[in-house]
2 protein chains.
Amino acid sequence: MNEIARPTLDDVARAAGVSTATVSRCLNAPERVITTTRERVMQAVEALGYTPDFGGRALASRRTNTVGAIIPTMENAIFARGVQSFQEVLSKAGKTLLVASSGYDPEHEREQIGVMISRGADGLLLIGSARPQANVDYLRRRGIPYLGAWNLGGPEGHFVGFNNRAAAFDLTRRVIARGHRRIAMIGGISYMNDRASDRIDGVRAATREAGLGEIRVIEAPYGFDDGAEAFGALMTAEPRPTAVMCGNDVLAVGAMRKAREMGLRVPGDVSITGFDDIDISAVVDPGLTTVRVPHRRMGEAAAEMLLKLIDKQPVDRQIEIPTAIVERGTLGPPPAG
Amino acid sequence: MNEIARPTLDDVARAAGVSTATVSRCLNAPERVITTTRERVMQAVEALGYTPDFGGRALASRRTNTVGAIIPTMENAIFARGVQSFQEVLSKAGKTLLVASSGYDPEHEREQIGVMISRGADGLLLIGSARPQANVDYLRRRGIPYLGAWNLGGPEGHFVGFNNRAAAFDLTRRVIARGHRRIAMIGGISYMNDRASDRIDGVRAATREAGLGEIRVIEAPYGFDDGAEAFGALMTAEPRPTAVMCGNDVLAVGAMRKAREMGLRVPGDVSITGFDDIDISAVVDPGLTTVRVPHRRMGEAAAEMLLKLIDKQPVDRQIEIPTAIVERGTLGPPPAG
DNA sequence: AATCGAAATGTAAGCGCTTGCATATCACCA
DNA sequence: TGGTGATATGCAAGCGCTTACATTTCGATT
């Protein structure tokens, strides 16, 4: 492999017999260069396989056309989907997206924010609103526009997301309306995760409103097995809960599996609900009753908002993406007796 | 928000009363600066909230410590998982990962390669081996090390992946051993996707070996509904196939759903197999018989190999990650008669 | 043919950083 | 006290690019 050193603007200029300025213009403002010259230049670009150096360009033009997104993990389909549409919109606007993951760790998030700034991100997408003030200050001091997504947020900052609390509240009311009085919950880990904690809060608020007293909530990591295990634990209670509400669909499907293993019929013996409406939820049997959360729309809305923020156009402080309850088979009346 | 202009090395140097060189050394080779000075500098860095500019740094040092990965889509959990562990290993080695998606389009992949080069990637992770020669040449000319992952590849280039063809072949033999003679397949879209086409080839080779003649193969996009639809189409044949082998688990689970809707028992009336062993496969009922593909291990192995390649250390040209057949409930003997 | 203005191109400064080399500092020894 | 080598710091060039400004070119007009 006799590798060729990466050609520079200068190489192209020399090859085409013009100045670097002209080459630069060919690339960035072709209409300012006469056709014959442009063709000669482009030919040289092609021949040398020239690719402009991003660093040099960013340095000279003081623009990066780069947007960053810091998500907890790429493994969660929920984020993957939203980020995908986020990036599609950005890419149409000529921006490239840099994705980093924080592993649900605020410290790590802070680091990644540094990386993004360092790479000159024009704007940033973060998930949710629960984070140390320091992380946000860091951004504010630089005046870099940023956005919390997947949830609505506190009194300041911009958000595009769902009202997780209200959605959980509504779903719980629906469960109660079906006649359930003994409700338990498997929630996501709520530490520094406002999506998880809001969902728990919503369920609690509704059960309290109905005078059901304090319900039992087990927090579990994001995984089928974790849902199964938590479900098993909840089912040891005497008398057993008649409905188990889950903080997300993965936990719910795990719970369903465990119910089957325990010989419990769903919804005959126990009702189960989820949250997110991921693909599997329509596929399992019976179908999972859950909350539909339109991730694609959210990703798009977030991209549009961030683009406006970067352009210093006026925007609403929050955009709420509506959710909807999807009734399938896992929610039924409590068993008689 | 009275935003402060981003501080530069110069600002820090002035604030600390030293030269830019010293500040630079504090950041990159602290041991070469005396403690008292270093403390003063670090204080200034902290006070100003200085973050080094990546572009400037890359330009001056001719190093980026950046690795790129171009995957078909982030939405596919299969890639998400592998990439996640890929990046964990890289990050321990002090490299940052840039992820881009090609949307299964070679043209788009080519573009993204350009973006990666332009950002100074030290190495690149690509998926599979099926791509226009032009895409590869582009990389070769620059001497940028790259790797095909998720599959093994042709006579040249480096690969870390699975032998998709052999795995499909083995699974098919197992199906045939159970007594199936009428086998059909739902494959992924094979165009420019060697994982999909190798799996189809493997199944075909095994059925041919067993003298079962040409089997029917429907190619379907990656989605539950697509699997369901294809399954429906296959089931119109007379006589019906007794086993439907699927190119991935998503298609297989979609097929299972459709079978249920059609009133067919699995595996009583029809056996179904998948490929990948994603999370759901253990959760559906009956459990899906499939091929386990250890994505995390692959991601790690790929990262290690790429790091060596970048360091110009010797490496094996291919690393095969072993797969394993996972027998669960969806494969049984064909129905009697 | 001379003049003029617009269009095309060139010149060169500098973006923020690293680094080879020159210089300053200092502890130590003769 | 002067000299020495090691250590710490500064100076300044230059990485690849964009862009304000200067210069050249050229067609149109008089």
Side-chain angles (χ1 to χ4, degrees), chain A residues 4-42 44-45 48-66 94 114-115 117-122 142, chain B residues 4-42 44-45 48-66 114-122 142:
Chain A
I4 295 154
R6 197 168 154 189
T8 69
L9 243 209
D10 226 57
D11 297 327
V12 177
R14 207 165 314 127
V18 298
S19 74
T20 62
T22 301
V23 179
S24 173
R25 277 188 286 256
C26 275
L27 266 30
N28 302 304
E31 74 283 358
R32 298 197 42 205
V33 177
I34 207 165
T35 317
T36 55
T37 316
R38 191 165 63 227
E39 270 163 8
R40 199 150 34 97
V41 170
M42 286 321 212
V45 166
L48 294 172
Y50 171 74
T51 316
D53 177 83
F54 179 82
R57 175 175 276 186
L59 204 50
S61 68
R62 325 191 51 55
R63 272 184 273 102
T64 62
N65 283 331
T66 290
V115 172
I117 290 182
S118 155
R119 287 186 180 259
D122 298 331
R142 291 272 168 289
Chain B
I4 296 154
R6 197 169 153 188
T8 69
L9 243 209
D10 225 57
D11 298 327
V12 177
R14 209 166 311 127
V18 296
S19 74
T20 60
T22 301
V23 179
S24 172
R25 279 188 284 256
C26 276
L27 267 29
N28 301 305
E31 75 282 358
R32 298 198 42 205
V33 177
I34 207 166
T35 316
T36 56
T37 316
R38 189 164 66 227
E39 271 165 6
R40 198 149 34 96
V41 169
M42 286 321 213
V45 165
L48 294 171
Y50 170 74
T51 317
D53 178 82
F54 179 83
R57 175 175 276 187
L59 205 51
S61 70
R62 326 190 51 54
R63 275 184 268 103
T64 62
N65 282 329
T66 290
V115 171
M116 291 298 179
I117 291 182
S118 155
R119 287 186 180 258
D122 298 330
R142 291 271 168 290

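Note that these values count all heavy atoms, side chains included, but never hydrogens, waters or copies made by symmetry. If you're wondering where the values come from, they're calculated on a predicted model, not measured in any experiment. Below, read A as the first sequence line, B as the second, and so on, with proteins coming before strands; counting in each chain starts at 1.
Residues T20(B) and I34(B) both approach DNA chain D. Their nearest nucleotides, taken by heavy-atom distance, put I34(B) toward the 5′ side. Nearer the 5' end of DNA chain D, as judged by each residue's closest nucleotide, is the contact made by E31(B), out of G56(B) and E31(B).
Shortest non-hydrogen contact noted between Y50(A) and L27(A) is CE2-CD2, 3.6 Å.
Rounding to the nearest 0.5 Å gives a distance of 12.0 Å between CZ of F54(B) and OG1 of T64(A). Between the OG1 atom of T51(A) and the CD1 atom of I117(B) there is a distance of 5.0 Å, given to the nearest 0.5 Å.
As rounded to whole Å, 13 Å separates atom C1' of dT19(C) from atom CZ of R57(B). Distance L9(A) CG to dT11(C) C1': 15 Å, rounded to the nearest Å. To the nearest angstrom, P of dG16(D) lies 14 Å from CG of L48(A). Computed from coordinates, the N28(B) CG to dG16(C) P distance equals 17 Å when rounded to whole Å. The separation between L27(A) atom CG and dG16(D) atom P is 16 Å, rounded to whole Å. Atom pair R119(B):CZ and dC15(D):P shows a separation of 23 Å (rounding to whole Å applied). Put simply, CZ on R38(B) is 10 Å from P on dA8(D), counting in whole angstrom units. Between D10(A) atom CG and dA12(C) atom P the separation is 14 Å, expressed in whole Å.
Listed nucleotides: dG10(D), dT19(D), dG16(D). Nearest to the side chain of A21(B): dG10(D).
Among the protein residues, Y50(A) comes within range of the sugar-phosphate backbone only, with heavy atoms under 4.0 Å from sugar or phosphate atoms but none that close to a base. As judged by a 4.0 angstrom heavy-atom cut-off over every strand, R63(A) is placed among residues touching the sugar-phosphate backbone only.
Taking only side-chain nitrogens and oxygens, S19(B) comes nearer than 4.0 Å to OP1 or OP2 of dG10(D). The side chain of S24(A) contributes an N or O atom lying less than 4.0 Å from OP1 or OP2 of dT18(D). Regarding contacts with the backbone of dG16(D), a side-chain N or O of R62(B) is found under 4.0 angstrom from either OP1 or OP2. Dashed line: the shortest gap from a side-chain N or O of R40(A) to OP1 or OP2 of dT9(C) is not under 4.0 Å. For S61(B) and dC17(C), the shortest distance from a side-chain N or O to OP1 or OP2 is not below 4.0 Å.
Salt bridge absent: R57(A) and D53(A) never bring a charged side-chain N and a carboxylate O closer than 4.0 Å.
Side-chain atoms of R25(B) and base atoms of dG10(D) include a donor and an acceptor less than 3.5 Å apart.
In this model, a donor atom of one side chain and an acceptor atom of the other lie less than 3.5 Å apart for R119(B) and T66(A).
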